[in-house]
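See below for the structure under consideration.
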2 protein chains.
Amino acid sequence: MASHTVENYLKALFALANEVGEVGISDLSDHLAVSKPSVNGMAKALQQDGFLKYEKYKPLKLTAKGKKAAALVVRKHRLTEMFLVEQMGFGWDEVHDIAEQVEHVKAPAFFDRMDELVGFPTVDPHGSPIPDAQGNVLEIDCMKLSECSVGSKVSLVGLSQSSKSLLTFLDSHGIALGHTFHVRAVEPFDGSMTMLHKGAQDQTFSLKVCERLLVKREA
Amino acid sequence: MASHTVENYLKALFALANEVGEVGISDLSDHLAVSKPSVNGMAKALQQDGFLKYEKYKPLKLTAKGKKAAALVVRKHRLTEMFLVEQMGFGWDEVHDIAEQVEHVKAPAFFDRMDELVGFPTVDPHGSPIPDAQGNVLEIDCMKLSECSVGSKVSLVGLSQSSKSLLTFLDSHGIALGHTFHVRAVEPFDGSMTMLHKGAQDQTFSLKVCERLLVKREA
DNA sequence: TTTAATTGTTAGGTGAGTCTAACAATGTAG
DNA sequence: CTACATTGTTAGACTCACCTAACAATTAAA
């Protein structure tokens, strides 16, 4: 089984590949807060173990084996987050750090039981998809709120790069997954958007916020 | 915070001290399946960190700091076991290995929430006491079933050195914590005992089993 | 296209935790 | 009281994951 460290590298590779496509040594180095030579060394090791295709000066590419292993770590992370929220009463802004640790537990039965107890969810508390037990990830059909034009009616289905501060911000504005937004105006100067939230109240958010909100067009 | 490894050494020290009093390098070496030189080196390191009093060729002694740290690891372990049984539906024979891993999670809120959800228990699913958040351990008033004489009426309150195989054995004989036993006969040859179980049925157990069953005299 | 910035690599070292081989101290039996 | 067995210690080496300093390759800018 992969070590705690290897699991973290795989998870980072997986996340970065989904965000930016090409992943370089420096990207990983930044994301994991580890020096570039360390990443370089680990890349060689992961290649040796068949998790990675690695050629000098070329971007890193997860192999099929690597993708599956990474997805299974992400699965453990997201199931844990779901369990923490649904069964243990934590807030969606509290679960990331705990799940970051619990995800390294090697006990399939533990995660299977979580899965069962929360009713085999397909997304985590932040709307991110939970890979299945075979490591397959379901793509979610969504777009950034910032890409929507005036008049669009959408509902919030997920977040990209959710951070504790973003979650706290959303909480403080009463925003949760599933809520609807009706785009009223887009400010050309800074891209900030004004929306009717839940058909009730106008709210204005900066471009920075709107880029993080993943939405689906309302039926 | 103490590393995963250090936590395991502390836990072992704690367990062995409760079982045999004096703990030597070899005891730890056996218990942790680690070579004696490794234990020797770790003993020096733990002494350095103030967890241990260590003098050459003398038995190892946990300091107050060491005892507290060890008790808090045991607390995490036993709370986890309780949570796994009470909230997640695992059997008492399945929880040890999972708890062995979960106990190393560094997230006090996680264990506090478990504690709350299972109703602030004082003993784990095997009847072992759960240290409180300050590291204090409640002594349980009990004796080995093997020390009871014919005619004693007792109830099962805990196990000493519970192993998967012991738990499976007890399960298969329908025995659980709280059950009553009325000692009917003790075989002088091999120490095996015949008891009336739950006032219903006579069962005979070997000395080896009876030494592991911790009981309290019935009121 | 030569320069500068970014990005990646090599070389060499550190600390934690482990091991084996060899030896020293302690304890137990005869 | 010597002899042997147990127990503990030292020395030296290994792996994993990390680091810094220095250098090389690639890419972007002037």
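For A:Cys142, the side-chain contact (heavy atoms from CB on, under 4.5 Å) partners two or more places apart in sequence, or in a different chain, are A:Ile140, A:Val157, A:Leu214. Residues forming a side-chain contact (heavy atoms from CB on, under 4.5 Å) with B:Val186 (at least two apart in sequence, or on another chain): B:Val150, B:Val183, B:Met193.
Pairs of residues two or more places apart, or lying in two chains, never qualify as salt bridge (charged side-chain N to carboxylate O under 4.0 Å, His left out) while including a residue from residues 206-215 of chain B. Each salt bridge (charged side-chain N to carboxylate O under 4.0 Å, His left out) pair with one or both residues in residues 124-141 of chain B, not counting sequence neighbours, appears once here: B:Arg78-B:Asp124. Within the structure, the salt bridge (charged side-chain N to carboxylate O under 4.0 Å, His left out) test picks out no pair touching residues 28-55 of chain A (sequence neighbours left out).
One atom, CG of A:Leu32, and another, P of D:dC18, lie 8 Å apart when rounded to the nearest Å. One can place CD of A:Gln48 at 11 Å from P of D:dC16, the figure rounded to the nearest angstrom. In this entry the distance linking CD of A:Glu22 with P of D:dT27 reads 11 Å, nearest Å. A:Asp49 places its CG atom 14 Å from the P atom of D:dT15, with the value rounded to the nearest Å. When rounded to the nearest whole Å, the span between CE of B:Met42 and C1' of C:dG15 equals 12 Å. When the C1' atom of D:dC16 is taken as reference, atom CE of A:Met1 falls 19 Å away, rounded to whole Å. Whole-Å rounding puts the A:Leu46 CG to D:dA17 C1' distance at 12 Å. A:His4 places its NE2 atom 11 Å from the P atom of D:dA17, with the value rounded to the nearest Å.
Of the candidate nucleotides C:dT7, D:dC19, C:dT18, D:dC19 has the atom nearest to the side chain of A:Ser35. Between C:dC19, C:dT7, C:dG17, one nucleotide has an atom nearer to the side chain of A:Ser26 than all others, and that is C:dT7. Listed nucleotides: C:dT18, D:dC18, C:dT20. Nearest to the side chain of B:Tyr9: C:dT18.
Aromatic ring pairs are classed by plane angle as parallel below 30°, tilted from 30° to 60° and perpendicular above 60°; the pair A:His104 and A:His4 is parallel.
An OP1 or OP2 oxygen of C:dG17 is reached within less than 4.0 angstrom by a side-chain nitrogen or oxygen of B:Ser3. Side-chain nitrogen and oxygen atoms of B:Ser38 include none within less than 4.0 Å of the OP1 or OP2 phosphate oxygen of C:dG17.
In this structure, the side chains of B:Ser29 and B:Val39 come closer than 4.5 Å at one or more pairs of heavy atoms.
Heavy atoms of A:Val34 sit under 4.0 angstrom from primed sugar atoms or phosphate atoms, though from no base atom.
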Under 3.5 Å between N/O atoms: give me all the protein pairs with nucleotides 9-12 of chain C, atom names plus distance.
residue, atom, partner, partner atom, Å
C:dT9, OP1, A:Tyr54, OH, 2.7
C:dT9, OP1, A:Tyr57, N, 2.9
C:dT9, OP2, A:Asn40, ND2, 2.3
C:dT9, OP2, A:Tyr54, OH, 3.1
C:dT9, O5', A:Asn40, ND2, 3.0
C:dT10, OP1, A:Lys56, NZ, 2.6
C:dT10, OP2, A:Lys44, NZ, 2.6

